[in-house]
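Below: one structure, written as structure tokens.
Remember, predicted model here, so these are calculated numbers, not experimental data. Convention: sequence-line order gives letters A, B, ...; per-chain numbering from 1.
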Number of protein chains: 2
Amino acid sequence: MSTATEPPRRADAVRNRRLALDAATALLTEPGVSLTVEAIAKKAGLGAATVVRAFGGKDALLDTAVSRLLEPVVQHARDLLAETTPTQALRIFLRELIAFQAAHYAINDQLGGLDLPATTALRTDLVRAVEEMIDGARRDGAVRTDIDLAIITTLIGQTALAVARAQPPSQELADAYLTVLLDGLRP
Amino acid sequence: MSTATEPPRRADAVRNRRLALDAATALLTEPGVSLTVEAIAKKAGLGAATVVRAFGGKDALLDTAVSRLLEPVVQHARDLLAETTPTQALRIFLRELIAFQAAHYAINDQLGGLDLPATTALRTDLVRAVEEMIDGARRDGAVRTDIDLAIITTLIGQTALAVARAQPPSQELADAYLTVLLDGLRP
DNA sequence: TGACAACTGGAATGCTCATTTCACATAATC
DNA sequence: GATTATGTGAAATGAGCATTCCAGTTGTCA
């Protein structure tokens with residue numbers, strides 16, 4: 001095994017790690033922020049060096065923060081698939097996905113050039129779940145079959161992203177997107 | 001009048017101005033470039049200082065470059081409104097808009113924090129033209145009336161942008177977007 | 001309580017950029 | 001062809017940023 005005997009961490013290091021993560025998460029939901037290490041450090045009440053060290057770099061910190069936010073969303077997608085019909089799951093989940101993106105649009109706005117492996121993996125899981133929903137909804141005759149599956153998931157993902165990009169992201173806009181998208185996806 | 005008697009420009013300055021503009025325009029259509037002054041200068045075969053001076057700053061240069069690209073698109077929207085029915089104009093123009101965004105997606109990817117007044121003005125003109133199309137298409141019974149006009153234009157704009165953001169922007173994806181969007185917009 | 005390894009944060013470093021400077025080059029005008 | 005205002009670009013400047021250094025602080029454990 002490669003489980004290195006990790007040296008025990010000091011209590012303040014553990015606490016600061018949590019403070020840094022909380023601050024980064026909070027900033028992800030705030031529009032118009034710069035999402036710099038300095039800003040995260042100030043929000044957390046720490047020095048910039050401490051924030052960087054806590055996770056081994058800015059990328060790793062944000063990867064963790066975004067993953068924490070994304071994980072329950074992915075889990076809910078899986079739960080919906082188990083609990084209800086694919087068509088119903090698709091409808092419910094799309095609404096949730098759009099709301100999520102609208103609430104955390106800094107996720108898409110500020111994370112351009114960063115390397116976020118955990119987040120990428122979760123996104124893949126999410127796409128897979130949505131594909132399953134669409135596949136089932138097609139069998140139920142609720143979604144058109146003349147457009148490639150991968151194209152539809154891209155379309156859904158980009159649409160949710162598009163809502164988040166609008167200034168400001170409004171509920172009315174989100175509802176309109178959802179309506180047009182779902183109507184447009186019918187056979 | 002405030003037409004200051006502008007001093008005549010030297011021939012090489014005029015030529016370099018054009019070279020800088022051409023280089024910037026060319027880079028706007030290339031995916032994955034950094035769109036730095038250095039990159040534009042290299043493409044133009046000029047020094048960075050010359051590129052900056054030619055338009056009084058990077059922002060002004062890119063504003064001019066993007067405007068040049070956008071202007072015929074806006075003009076075509078107006079022409080379509082004059083030449084054909086709003087419904088037909090909407091269908092034709094949406095296709096063109098999506099193609100344009102797909103071909104020049106650096107426009108949306110790299111111009112985040114810049115101040116581009118001329119481009120913004122053209123975008124407003126474009127939105128106005130699309131609003132007119134939708135308004136007419138509604139009267140023809142071709143577009144649903146249960147969603148606010150401004151919401152629909154935002155939706156269209158963001159959709160075109162969404163296609164451009166896909167990697168890589170494909171014709172298949174563009175067609176799918178157009179199909180779903182138009183079907184979803186029907187009454 | 002003392003000793004020491006772990007941790008902290010202000011300052012220094014090292015990048016990427018746009019922009020400015022200035023010694024040199026060159027169009028324009030005679 | 002000589003003069004001169006205008007233009008050029010390599011190098012300097014400065015701003016914003018993540019990351020690292022290190023002298024000083026603080027948990028931890030005996």
Side-chain angles (χ1 to χ4, degrees), chain A residues 4-24 27-28 30 32-66 106 109-117 119, chain B residues 4-24 27-28 30 32-66 106 109-117 119:
Chain A
T5 45
E6 24 185 83
R9 310 211 156 242
R10 247 170 61 169
D12 52 351
V14 172
R15 179 175 49 82
N16 288 341
R17 196 181 157 96
R18 178 166 299 273
L19 285 173
L21 186 56
D22 288 350
L27 283 184
L28 277 174
E30 286 181 20
V33 293
S34 286
L35 214 57
T36 62
V37 169
E38 201 79 43
I40 297 170
K42 189 182 168 192
K43 186 117 191 164
L46 300 171
T50 303
V51 168
V52 168
R53 254 189 321 253
F55 286 80
K58 185 195 181 187
D59 288 17
L61 165 57
L62 288 176
D63 194 25
T64 306
V66 175
D109 213 37
Q110 302 260 346
L111 269 44
L114 277 53
D115 180 38
L116 309 174
T119 299
Chain B
T5 46
E6 23 184 85
R9 310 208 154 244
R10 250 169 59 169
D12 53 352
V14 172
R15 178 174 50 83
N16 288 341
R17 194 180 159 97
R18 179 166 298 273
L19 285 174
L21 186 57
D22 288 350
L27 283 184
L28 278 174
E30 287 182 18
V33 292
S34 286
L35 213 57
T36 61
V37 169
E38 201 78 42
I40 297 170
K42 190 182 168 191
K43 187 114 191 168
L46 300 171
T50 303
V51 168
V52 168
R53 252 188 324 251
F55 285 80
K58 185 195 181 188
D59 288 16
L61 165 57
L62 288 176
D63 193 26
T64 306
V66 175
D109 214 37
Q110 302 260 344
L111 269 45
L114 277 55
D115 181 38
L116 309 175
T119 298

Whole angstrom is fine here: how far is it from [atom1] in [X] over to [atom2] in [N]?
X	N	atom1	atom2	value
A/L62	D/dT19	CG	P	10 Å
B/L35	C/dC17	CG	P	11 Å
A/F55	C/dC7	CZ	P	14 Å
A/N16	D/dG27	CG	C1'	12 Å
A/L46	D/dT25	CG	C1'	15 Å
A/E38	D/dG16	CD	P	12 Å
B/L114	C/dC17	CG	C1'	12 Å
B/D115	C/dA18	CG	P	16 Å

Close side-chain approach of [X] to [Y], heavy-atom, < 4.5 Å:
X	Y	value
A/R9	A/R15	no
B/V52	B/K58	no
A/L35	A/L28	yes
B/R18	B/V14	no

From [options], nucleotide with atom closest to [X] side chain:
X	options	value
A/V37	D/dT19, D/dG7, C/dC7	D/dT19
A/A48	D/dT8, D/dT19, C/dG9	D/dT19
B/A49	D/dA10, C/dC17, D/dC21	D/dA10
A/A11	D/dT28, C/dC7, D/dC17	D/dT28

Ignoring hydrogens and angles, are the base of D/dT26 and the side chain of A/R10 linked by a donor-acceptor pair under 3.5 Å? yes
So, under a plain 3.5 Å distance rule, would you say the side chain of B/R53 forms a donor-acceptor pair with the base of D/dG9? yes
Polar contact flag, side-chain donor to acceptor under 3.5 angstrom, B/T119-B/D63: yes
Does A/T50 place a side-chain N or O at less than 4.0 Å from the phosphate oxygens OP1/OP2 of C/dG9? yes
